[in-house]
Amino acid sequence: MTLARIQDLPRLVGETVTLQGWLYNRTSKGKLVFLQVRDGTGICQCVVFRPNVGDELFAIADKLTLESSLIITGTVRADARAPGVPGGYELDVQTLQVVHRAEEYPIGPKEHGVEFLMDHRHLWIRSSRQWAVLRVRATVMRAIRAWLDAHGFLEVTTPILTPSAAEGTTTLFEVDYFGEKAYLAQTGQLYNEATIFSFGRVYCFGPTFRAEKSKTRRHLTEFWMVEPEIAFCDLDQLLEIEEQFVTHLVHTALRENANELKLLGRDTRKLERVQPPFPRITYDEALERLKDVQARLQRGETVLNCDGEPLQDIPDPALLDITWGMDFGSPHETVLTQLFDRPVFVTGFPTAVKAFYMQPYPDRPEICKSADLLAPEGYGEIIGGSERISDAALLEQRIREQGLPLEAYRWYIDLRRYGSVPHSGFGLGVERTVAWICGIDHVREASPFPRLLNRIYP
RNA sequence: UCCUCGAUAGCUCAAUGGGUAGAGCACCCGGCUGUUAACCGGGGGGUUACAGGUUCGAGUCCUGUUCGAGGAGCCA
């Protein structure tokens, strides 16, 4: 008899093993009880047959409550009828010990509303879909570090308590810092721009905070972001790094989380075609495409996506109104991403709508060397990146133009005085990336305990 | 901040023009050797979000409040 985990059962057929886990579901049929047991690595059907275990143990198994904790011993056998994760294997139960008999469990196998599930998030994460999503999240986070570490990046942590904003002060959480105002970080980028001069290629990876009053499927007030920053790197070089990086994340999840993506019902063919190079379109080109789509929609034409299907989630073509100089809204991203079969870069946004530190094109200063990466299928922006201004005088001018407090950025301007170099970086949002890979419709399920507008419990 | 929709059993929902508040799931009891959200029979379970109004009579109509969902703006 050996202790086993459910994910290893395919290699243990014929052996007698002990599982430790919780009762996920139960059905009984006369002298048979089917216990769906989960142990964190998978879900295994355990078959309790009355003549095998005796009347006393059978009665206990037959009355077990959902989520009761169990230690259960039996023989592993392959059976195509056995549901579960990975499925196809079940345990022929010999003995069973109840560690704790659970009280009546509030979350059933039937449907529940969002508010109820969010109030019970501490229990909801036991459900198979949530389990699958959070396993993919862990894979993505591991793949982020693995790829960056393998490509010469050094992880350098940046502060969460910060004295000022990178991009204005309207979306920051304010905290009291011994009588002074401080803010929870919404980016580590400015500090990354300092550490590249020490290490060349760096990244920071951790939670960031935005006090935006956004109530959409794409927003959390606390989310995880990885921000690589690279010295001696222009925008074109940055995009090559980004597409290699994102491709690695997607294909690592495809390889390591096949069971999870299957459980989620994800169409993995759409993920498999994520391969470099990603298409690159300029802001100007994107504007033309958007106007074209809007005109066709308003004429009542059906506009097709990259797979030849009608565009989804376009409630009102009037929302696609845009003129040169405006930043994209969510409806614009929703349209653009459906026109491509892989993530698409949009480059050269108007300088006026982007952050002060982005490098303007020398021959066209009204646009800047910025690039957003939009995920397919309407998931929208998962990366924002740019080449940074490397000239101290130009940076100072841009800070003044934006009306930002020059004094707060003195150290940041200082970086351009001592061996300044062209450098670039980007930020990738973990929850949005996970939501896209998993094919789920709201980022709140991509975080174990999501923080949202009006929600900080549990 | 704005727009739209919603709140009825533990959960998901129904309740015809205003006329005795109902079903499925969950739970408890009984039945069945292959269930896949099993099925069959029985049982308990309600201050219809809150406050006020109209009415012989309000889950239903009106006013206000609270809470929630989706979206816009902003963003990853």
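Letters go in sequence order (proteins before strands), and every chain restarts at 1.
Atom-to-atom, CG of A/Asp62 to P of B/C32 comes out at 11 Å; the value is rounded to the nearest Å. Atom CG in A/Asp119 sits roughly 9 Å away from atom P in B/G68 (whole-Å rounding). At whole-Å resolution of the value, CD in A/Gln186 and P in B/C74 are 15 Å apart. Separating the CG atom of A/Asn25 from the C1' atom of B/C25 is a distance of 12 Å, rounded to the nearest angstrom. Rounded to an integer number of Å, the gap from CD of A/Glu212 to P of B/U1 is 16 Å. Atom CZ in A/Arg217 sits roughly 11 Å away from atom C1' in B/A69 (whole-Å rounding). Following rounding to the nearest Å, A/Leu373 (CG) and B/C75 (P) show an atom-to-atom distance of 17 Å. Nucleotide B/C27 holds its P atom 13 Å from the OH atom of A/Tyr105, rounded to whole Å.
Under the 3.5 Å distance criterion, the side-chain polar atoms of A/Asp234 are matched with a main-chain donor or acceptor of A/Gln237.
Within the 4.0 angstrom heavy-atom criterion, no nucleotide atom of any strand lies near A/Arg129. A/Pro331 comes within 4.0 angstrom of the backbone, heavy atoms only, and of no base. Across all strands shown, A/Gly384 has heavy atoms under 4.0 Å from sugar-phosphate atoms exclusively, and none from any base. When heavy atoms are screened at a 4.0 angstrom cut-off, A/Gly380 is found touching no nucleic acid atom at all. Base contact: A/Ser28 has a heavy atom under 4.0 Å from a base atom. In this structure, A/Gly84 reaches neither bases nor backbone, as no heavy-atom distance under 4.0 Å exists between it and the strands shown. The residue A/Asn454 sits close only to the backbone: its heavy atoms come under 4.0 Å of sugar-phosphate atoms, none of a base. Residue-level contact check: A/His442 touches the backbone only, with heavy atoms under 4.0 Å from sugar-phosphate atoms and none from bases. Counting non-hydrogen atoms under 4.0 angstrom, A/Ile383 reaches the backbone sugars and phosphates but no base.
Between A/Phe328 and A/Val114, the one whose closest nucleotide on RNA chain B sits nearer the 5' end is A/Val114.
For A/Phe223 and B/A76, the ring-to-base geometry satisfies the stacking test (centroid distance below 5.5 Å, interplanar angle below 30°).
Under the 4.5 Å side-chain criterion, counting only non-hydrogen atoms from C-beta, A/Val156 is not in contact with A/Cys204.
Taken residue by residue, residues 130-138 of chain A places no heavy atom nearer than 4.0 Å to RNA chain B.
For a distance-only test at 3.5 Å, the side chain of A/Ser330 fails to qualify as a donor-acceptor partner of the base of B/G73. With hydrogens and angles ignored, no donor-acceptor pair closer than 3.5 Å exists between the side chain of A/Ser214 and the base of B/C75. Counting distance only, with no hydrogens placed and no angle test, the side-chain atoms of A/Arg218 and the base atoms of B/G70 include no donor-acceptor pair under 3.5 Å. Judged by atom type and distance alone, A/Glu90 reaches the base of B/G34 through a side-chain donor-acceptor pair under 3.5 Å. Applying the 3.5 Å distance criterion, the base of B/A72 shares no donor-acceptor pair with the side chain of A/Lys215. No hydrogens or angles were tested; on distance alone, nothing pairs the side chain of A/His112 with the base of B/C11 as donor and acceptor under 3.5 Å.
Between A/Glu229 and A/Arg388, at least one side-chain nitrogen of the basic residue sits less than 4.0 Å from a carboxylate oxygen of the acidic one, meeting the salt-bridge criterion.
For A/Leu32, taking side-chain heavy atoms from C-beta onward, the closest of the listed nucleotides B/G10, B/U33, B/G70 is B/U33. The side chain of A/Thr27 has B/U35 as its nearest neighbour among B/C27, B/U35, B/C32. Residue A/Pro83 places its side chain closer to B/U35 than to any other of B/U35, B/G34, B/A26. Checking B/C74, B/G34, B/C11 against every side-chain atom of A/Val47, the shortest atom distance belongs to B/G34. Each of B/C75, B/U35, B/G68 was ranked by its minimum atom distance to the side chain of A/Gln45; first place goes to B/U35. Of the candidate nucleotides B/C67, B/A76, B/U35, B/A76 has the atom lying nearest to any side-chain atom of A/His219. In this structure, of B/U12, B/G70, B/A76, it is B/A76 that holds the atom nearest to the side chain of A/Arg210. Distance from the side chain of A/Glu333 is smallest for B/C75 among the nucleotides B/A26, B/U1, B/C75. Comparing B/A69, B/G34, B/U12 by their closest approach to the side chain of A/Glu111 singles out B/U12. Distances were taken from every side-chain heavy atom of A/Thr216 (C-beta onward) to each of B/A72, B/G34, B/A69; the shortest belongs to B/A72.
Atom name C1', nucleotides B/G59 and B/G71: the rounded distance is 29 Å, in whole Å. On the P atoms, B/C2 is 12 Å away from B/U65, given to the nearest whole Å.
Summarising the geometry of A/Glu431 relative to A/Ser447, their closest heavy-atom pair is CG-CB, 4.1 Å, with the distance given to 0.1 Å. Summarising the geometry of A/Pro376 relative to A/Pro343, their closest heavy-atom pair is CG-N, 3.7 Å, with the distance given to 0.1 Å.
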| field | side-chain hydrogen bond (donor to acceptor under 3.5 Å, both in side chains) between A/Thr75 and A/Asp92, worked out | value | CA-CA 5 Å; A/Thr75 308; A/Asp92 190 15; 5.5 Å; no
| field | Derivation of the ring pair (Phe, Tyr, Trp, His ring centres under 6.0 Å) call for A/Phe328 and A/Tyr283 | value | CA-CA 9 Å; A/Phe328 291 158; A/Tyr283 174 85; 5.4 Å; yes
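Note on A/Lys63: a side-chain N or O is less than 4.0 Å away from OP1 or OP2 of B/G30. Phosphate contact (OP1/OP2 of B/G70, side-chain N/O of A/Arg444, threshold under 4.0 Å): present. Remark: A/Lys29 is not in phosphate contact with B/C32, judged by side-chain N or O atoms under 4.0 Å from OP1 or OP2.
Residues A/Gln36 and A/Gln45 bring a donor and an acceptor atom of their side chains to less than 3.5 Å of each other. Looking only at atom types and distance, the side chain of A/Trp22 has no donor-acceptor partner in the side chain of A/Asp39 under 3.5 Å away. Between the side chains of A/Thr347 and A/Arg280, no donor N or O sits under 3.5 Å from an acceptor N or O. Under 3.5 Å, the side chains of A/Glu193 and A/Tyr412 contain a donor-acceptor pair of N or O atoms.
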